Amino acid sequence: MESGMISVDKWSSGSQAYFLTHLHADHTAGLSAAWRRGPLFCSRLTAKLFPCKFPEFDLSLLRVLDIGCWDTLSLTSPSSGSPATVYVKAIDARHCPGSVMFLFRGEFGCMLYTGDFRWEKSVDGTNMGSTMLLDALEDHKLDSLCLDNTYCNPKYSFPSREVAARQVVDIITAHPDHDIIIGIDSLGKEDLLLYISSVLNIKIWVWPERLQIMHLLGFVDNFTTKTTLTRVRAVPRYSFGIDTLESLNTFKPTIGILPSGLPWAMKYVTGNKRLFCSPSASLNNKTNFRPEISNCSKIQDSTGASADDKRYYKHIHVVPYSDHSCFVEIQEFIELLRPINIKGIVSSSSSYIDPRYYFGHLCGTKQASWRVHQKLENEKGVDMIGEGVDKVEGAPVKLETPPMSGMKRRLDHVDFFGIRVSRVSLLRRLSRGARISDHEELV
DNA sequence: GCGATCAGAT
DNA sequence: CACATCTGATCGC
């Protein structure tokens, strides 16, 4: 395969232009201060935050894309050497500050790379983004949608971040004499913290580097690094464990709140209906988003919680505050765009489901072609799409994980209708890059 | 010794 | 099931 033109969240050599959706570490793996491979396109806010993450980075390499504005790239076709123009527009992805999707138009057709995104219905930013996307498409078909399929399964159902934020506030107000620690990452969940701060009229402690981020984001009054000013502290999520909580509780009653995507806590849902069954379980009655699991007051029963689980939930409250779209939101997004093809950008070793399993019927004009294509490929014994893709004609099914040996051979690139998708590691969630080549056929 | 990658953890 | 991140081990140069 010759070199391509464009890479998104992927930093190996061979492209003429590089795009960064947002500054989370799993999307910047491979970027460093020594980066010299070409112009790096990102949103204005990402560019502003960039030096926090890469202090020595040569900022003259950054190219800011303003949200909603077309930009034109004059590139060279790797195969023919002739000029090739690519148009790109950034759309707010509503995942974390600075996060964007990229809509590309070029010889390869029209392609949207979502990066990580949350598409909550009836939220202003989402509605604006929808309008922008439809306007940008005009009457073009979206040939290819590279989709954040993190929760691309109907079992993933969680409330809006607004509702989840109220749950967090309810938990805090139900513990008036406790210290509160909230696990967050280096970027994201700012709206949650601002909501807590404004509703409860308190400052929130953050660690010094995080305060710097808050200031860059324009939040100057709600956060502090002085522990004496507040009982609510936001701490790095990785520092957030049972041992920490237990040890804190020897000094002062303290609870932890983990605003998190659902899967990590899923084991407490399936089978024993134990999700969010923490000390304040009764709080969830008003705001719980799934009635069948709201009745979880039997934390002491004998349905199988381990001793560690009990230790954990004695102090730690998991709240379903997610910066990724839930299944229904993904569905609505696809219904809005009606792409011809969909490709998931997130894969993991044990549970990759091709988005077309659930959404193939929503795809545009080529909806039938996939199955024909699959049938042909299956007969040839070639799996074009990768591990976990169905081999059954007709209604797709989730496949068992193929043997490791087979997976490892496909780590590098997977051809998918003209888009080269990088699989850096299937054991972890590092494979989120895509490269577009101009000389490949796009169905 | 350094950066990239991997493994395991929360 | 699996987020985003850290630490520490290992690999290749």
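A note on names: the letters A, B, ... follow the listed sequences, proteins ahead of strands, and every chain is numbered from 1. Everything numeric in this text was worked out from a predicted model, so none of it was measured.
- To the nearest angstrom, P of B:dT10 lies 21 Å from CD1 of A:I182.
- Not counting sequence neighbours, the partners of A:A234 by the side chain to side chain contact (heavy atoms under 4.5 Å, CB included) test are A:I184, A:L193, A:I204, A:V206.
- Residues satisfying the ring-ring contact (aromatic ring centres under 6.0 Å, His included) test with A:F19, not counting sequence neighbours, are A:F41, A:F102, A:F104.
- If you measure from atom CG of A:D116 to atom P of C:dA4, you get 5 Å, rounded to the nearest angstrom.
- Straight-line distance from the OH atom of A:Y156 to the P atom of C:dA2: 4 Å, rounded to whole Å.
- Phosphate contact (OP1/OP2 of C:dC6, side-chain N/O of A:H24, threshold under 4.0 Å): absent.
- The CG atom of A:L31 sits 16 Å away from the C1' atom of B:dT5 (whole-angstrom rounding).
- Atom CD of A:E209 and atom P of C:dT5 are 14 Å apart (whole Å).
- Relative orientation of the A:H22 and A:H27 rings is tilted, given thresholds of 30° and 60° on the angle between their planes.
- C:dT5 atom C1' lies 12 Å from atom NE2 of A:H22, rounded to whole Å.
- Within the structure, every side-chain polar atom (N or O) of A:S239 is placed at least 4.0 Å from both OP1 and OP2 of B:dT10.
- Here C:dA2 presents its P atom at 17 Å from CG of A:L258, a figure rounded to the nearest Å.
- When the P atom of B:dT10 is taken as reference, atom OH of A:Y238 falls 15 Å away, rounded to whole Å.
- The phosphate of C:dA2 has neither OP1 nor OP2 within less than 4.0 Å of any side-chain N or O from A:H324.
- In summary, of the residues considered (A:L258, A:I257, A:I182, A:V163), a side-chain contact (heavy atoms from CB on, under 4.5 Å) with A:V319 occurs for A:I257 alone.
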